[in-house]
Amino acid sequence: MEEKPLSPHVIIFPLPVQGHINSMLKLAELLSLAGLNITFLNSDNNQKRLLRYTDIHARFANYSGFQFRTYSDGLPEDHPRSVDRAWEIIEATNLSGGPFLKELLTDIRPTVSCIIGDGILGFLSDVAKKHKIPLIHFRTASACSFWTYFCIPQLIQAGELPLNGKEGMDRLLTTVPGMEEFLRGRDLPSFCRANDINDGFLQLVMNETVKSSEVDGLLLNTFEDLEGPVLSHIRTKCPNIYTIGPLHLHLQTRLATANGMKPSQSSNSLWEVDKSCMSWLDKQPPQSVIYVSFGILTVFTREQLMEFWYGLVNSKQRFLWVVRPGSVGGDDDSTKKLVEGIKERGYMVGWAPQEEVLAHKAIGGFLTHSGWNSTLESIAAGIPMICWPCLADQQVNSRYVSEVWKIGVDMKDVCDRKIVKKMVNDLMVDRREEFLKSADKFATSARKSISEGGSSWGNLDRLINDIKDMSSQAHSI
Ligand code: UDP
């Protein structure tokens with residue numbers, strides 16, 4: 001293929017897990033829409049699932065400069081790629097991704113102007129340096145959780161880590177600037193619960209996170225009106241930050257603005273989406289249904305499932321529940337039977353079109369694991385949340401939902417039917433007005449940020465211009 005002069009070309013390399021692929025594909029589409037050439041790197045395993053369950057090829061057919069390239073994630077075919085093995089996914093990608101990327105860079109055209117890579121993938125810095133290509137980190141988690149990752153060395157130095165039992169879990173922490181008044185030990189990312197500060201996962205996150213202060217920029221899927229105070233702390237370490245979220249809303253707006261293209265609501269799903277829940281929702285009264293979903297990686301025991309089930313049923317509220325295949329210990333069939341018994345008030349699917357669900361007028365609340373994509377999607381839709389965090393950034397996000405943004409309640413470390421029932425009723429009835437007031441405020445500012453003239457809109461334009469400059473420099477070397 002003949003090389004076009006000064007044609008910006010970006011390589012995008014996410015960690016091969018759903019939440020990361022989802023937001024980085026949205027970024028890929030936004031950059032493609034701006035006319036940049038994009039090569040998106042996906043693992044063979046995830047690419048197969050993406051092709052099977054989405055219309056991804058049709059969506060990207062509009063962009064002549066877009067291509068996928070795939071690599072082996074180095075894990076056996078039957079590896080579950082689940083929460084308890086997240087560490088293995090990162091390690092395997094760090095091993096297989098480096099050699100793959102180095103080889104790709106030797107012959108790919110047009111010349112690569114910039115790599116946008118997942119900030120958790122340590123090998124990217126070495127490869128970018130060796131090939132003298134600018135590197136921008138994308139951290140797909142919230143700014144608030146990123147800042148706690150960044151402060152792990154200070155937490156260790158001050159003796160606040162390891163947490164040392166229940167007392168440490170409940171103590172307010174003093175060494176995360178800006179969070180002294182509300183962040184307890186139990187609100188730190190899950191890997192901070194390790195008893196040994198030499199724990200592999202803790203060390204990996206700590207070491208990779210500080211590298212974001214050495215790269216050419218940091219991209220975050222958030223917006224200034226939501227996380228401004230914590231972003232000002234991060235800027236003292238990483239001065240060049242592009243906040244461009246909420247990405248799903250931003251993409252919809254840019255598609256609608258550019259030649260009236262149909263807004264995309266695809267979640268770039270690696271599971272088969274069951275759309276039957278949309279017609280069920282159509283039949284429910286406005287704001288009457290609580291949507292229940294624990295994301296991609298959460299796995300729970302049968303006992304935990306039953307506590308949620310009884311809590312939801314006893315609350316007498318309507319609910320739409322996503323029970324992902326394989327997410328419950330025991331067999332999935334008996335789970336379906338649970339909902340058959342209460343058909344008029346409950347509906348269960350294996351995987352939902354979440355963005356559409358949250359935007360549906362029948363939805364009034366979200367019982368969530370507090371993954372960052374889910375949290376932002378809920379904020380953008382103005383839906384209050386009950387948080388039951390499981391791992392990593394989710395512990396921090398849930399604290400922000402309840403104590404900082406005041407758009408819901410945090411149920412972390414508890415799984416009890418009475419509390420589930422109470423929190424569902426707080427969210428849907430008793431404290432509804434209070435939560436809706438804040439939720440409406442943030443939904444409005446989310447929309448403002450991704451509209452022309454808004455902060456995220458402006459930051460995306462700045463990112464595109466910076467990449468074009470990088471491209472000119474690459475071509476003039
Ligand atoms: N999701 C979906 N359907 C479902 C459950 C989840 O489309 O039934 C999407 C959801 O919209 C979100 C992503 O999966 O974009 C989950 O990402 P998140 O960061 O919330 O969770 P994690 O990856 O940490 O599990």
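Remember, it's 1-based here, ligands and their atoms both numbered in the order they're listed. All figures in this text were calculated on a predicted structure; none of them were measured in a lab.
A salt bridge (Lys or Arg N to Asp or Glu O under 4.0 Å) check over residues 284-293, counting only residues at least two apart or in different chains, returns nothing. Each salt bridge (Lys or Arg N to Asp or Glu O under 4.0 Å) pair with one or both residues in residues 304-320, not counting sequence neighbours, appears once here: Glu307-Arg417.
Where the criterion is an N or O separation shorter than 3.5 Å, residue side chain and backbone included, Ala352 meets it with respect to ligand 1. When only interatomic distances are considered, the shortest N/O to N/O separation between Asn22 and ligand 1 falls below 3.5 Å. Taking distance alone, with nitrogen or oxygen atoms compared against 3.5 Å, Gln18 stays at or beyond that limit from ligand 1. The shortest N or O to N or O distance between Asn373 and ligand 1 is below 3.5 Å. Geometrically, ligand 1 and Thr375 share no nitrogen or oxygen pair separated by less than 3.5 Å.
How far OH of Tyr291 is from CD of Gln354: 3.5 Å, rounded to the nearest 0.5 Å. Residue Phe66 holds its CZ atom at 8.0 Å from OG1 of Thr39, rounded to the nearest 0.5 Å.
With no hydrogens or angles considered, no side-chain donor-acceptor pair links Ser145 and Thr148 at under 3.5 Å. For the residue pair Ser456/His250, the side-chain donor-acceptor check at 3.5 Å is not satisfied. Between Ser276 and Asp274, the side chains place a donor N or O and an acceptor N or O closer than 3.5 Å (distance only, hydrogens not considered). Side chain to side chain, Asn240 and Tyr242 meet the donor-acceptor criterion of an N or O pair below 3.5 Å.
Contact atoms of ligand 1 toward Ser293: 5 (C) (distance under 4.0 Å to a heavy atom of the residue). Annotation for ligand 1: atoms under 4.0 Å from non-hydrogen atoms of Trp372 are 19 (O). Of all the atoms in ligand 1, the ones that sit under 4.0 Å from a non-hydrogen atom of Gln394 are 24 (O). If you number the atoms of ligand 1 from 1 as listed, the ones under 4.0 Å from a heavy atom of Gly19 come out as 23 (O).
Contacts between Tyr291 and ligand 1, counted as non-hydrogen atom pairs separated by less than 4.0 Å, involve the side chain only.
Considering Ser374, Ser378, Ser142 only, the shortest heavy-atom separation from atom 20 (O) of ligand 1 involves Ser374. The nearest non-hydrogen atom to atom 15 (O) of ligand 1, considering only Glu356, Glu377, Gln354, Lys26, comes from Glu377.
Less than 6.0 angstrom separates the ring centroid of His233 from the ring centroid of Trp147.
Put simply, no part of His248 is less than 4.0 Å from ligand 1, judged by heavy atoms.
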